[in-house]
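Quick caveat: nothing in here was measured; it's all calculated off a predicted structure.
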Amino acid sequence: MPGTPVKIILWSHPAAAGQPVAPGGAPGPVVLESDDLRKDFEVLRCRGVTFDEPEPQDYPFGVRIEAVDPDGNRVSLREQRPWNG
């Protein structure tokens with residue numbers, strides 16, 4: 001819905017189908033956007049959230065890291081770079 005802080009992204013590529021994925025591999029089936037991912041990462045890590053890498057990674061589109069819930073499901077956290085097209 002325009003003007004709301006929630007964006008749902010439909011990922012058209014096949015998910016990992018419950019199989020382990022190497023860090024930096026396919027994103028989790030849920031993607032959470034952040035305006036300051038490194039700051040949010042520190043807050044979540046201090047609260048006990050488990051991540052697949054020691055810190056967020058830079059990519060051409062922005063910054064990303066994968067969180068893992070207690071059942072092993074992955075959740076992608078990302079911060080997009082401003083687009084200067």
Side-chain angles (χ1 to χ4, degrees):
M1 188 169 198
T4 65
V6 175
K7 181 191 296 185
I8 297 175
I9 299 171
L10 301 177
W11 187 257
S12 61
H13 304 286
Q19 300 302 311
V21 175
V30 174
V31 179
L32 302 177
E33 293 281 339
S34 172
D35 292 333
D36 188 343
L37 183 58
R38 284 178 168 52
K39 177 182 171 190
D40 292 338
F41 165 77
E42 289 299 329
V43 169
L44 293 169
R45 188 174 62 132
C46 288
R47 293 182 180 175
V49 174
T50 302
F51 294 93
D52 68 355
E53 295 183 324
E55 62 184 61
Q57 301 297 308
D58 289 303
Y59 290 89
F61 62 81
V63 183
R64 187 183 96 183
I65 193 160
E66 301 287 312
V68 182
D69 76 7
D71 293 322
N73 299 300
R74 293 174 25 260
V75 176
S76 292
L77 305 170
R78 76 175 187 178
E79 175 185 347
Q80 289 186 300
R81 293 194 200 293
W83 187 67
N84 298 321

* **Partner residues of Gln57 under the side-chain contact (heavy atoms from CB on, under 4.5 Å) criterion, sequence neighbours left out** => Glu53, Glu55, Tyr59
* **Set of side-chain contact (heavy atoms from CB on, under 4.5 Å) partners for Val68, sequence neighbours left out** =>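 Only Arg74 meet the side-chain contact (heavy atoms from CB on, under 4.5 Å) criterion with Val68.
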* Trace of the side-chain contact (heavy atoms from CB on, under 4.5 Å) decision for Leu32 with Val75 -> CA-CA 7 Å; Leu32 302 177; Val75 176; 3.9 Å; yes
Which residues pass the side-chain hydrogen bond (donor to acceptor under 3.5 Å, both in side chains) test with [X], not counting sequence neighbours?
| X | answer |
| --- | --- |
| Asp36 | none |
| Asp35 | none |
| Arg38 | Asp58 |

* Side-chain touch Glu79/Glu33, heavy atoms, less than 4.5 angstrom ->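 No; the side chains remain at least 4.5 Å from each other.
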* Taking C-beta and beyond as the side chain, do Leu44 and Leu77 meet within less than 4.5 Å on heavy atoms? -> yes
* **Considering all heavy atoms, the nearest Ile65-Pro56 contact** => CD1-N, 3.6 Å
* Just how far is it from atom OG1 of Thr50 to atom CD of Glu66, taken to the nearest 0.5 Å? ->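 The distance works out to 13.0 Å.
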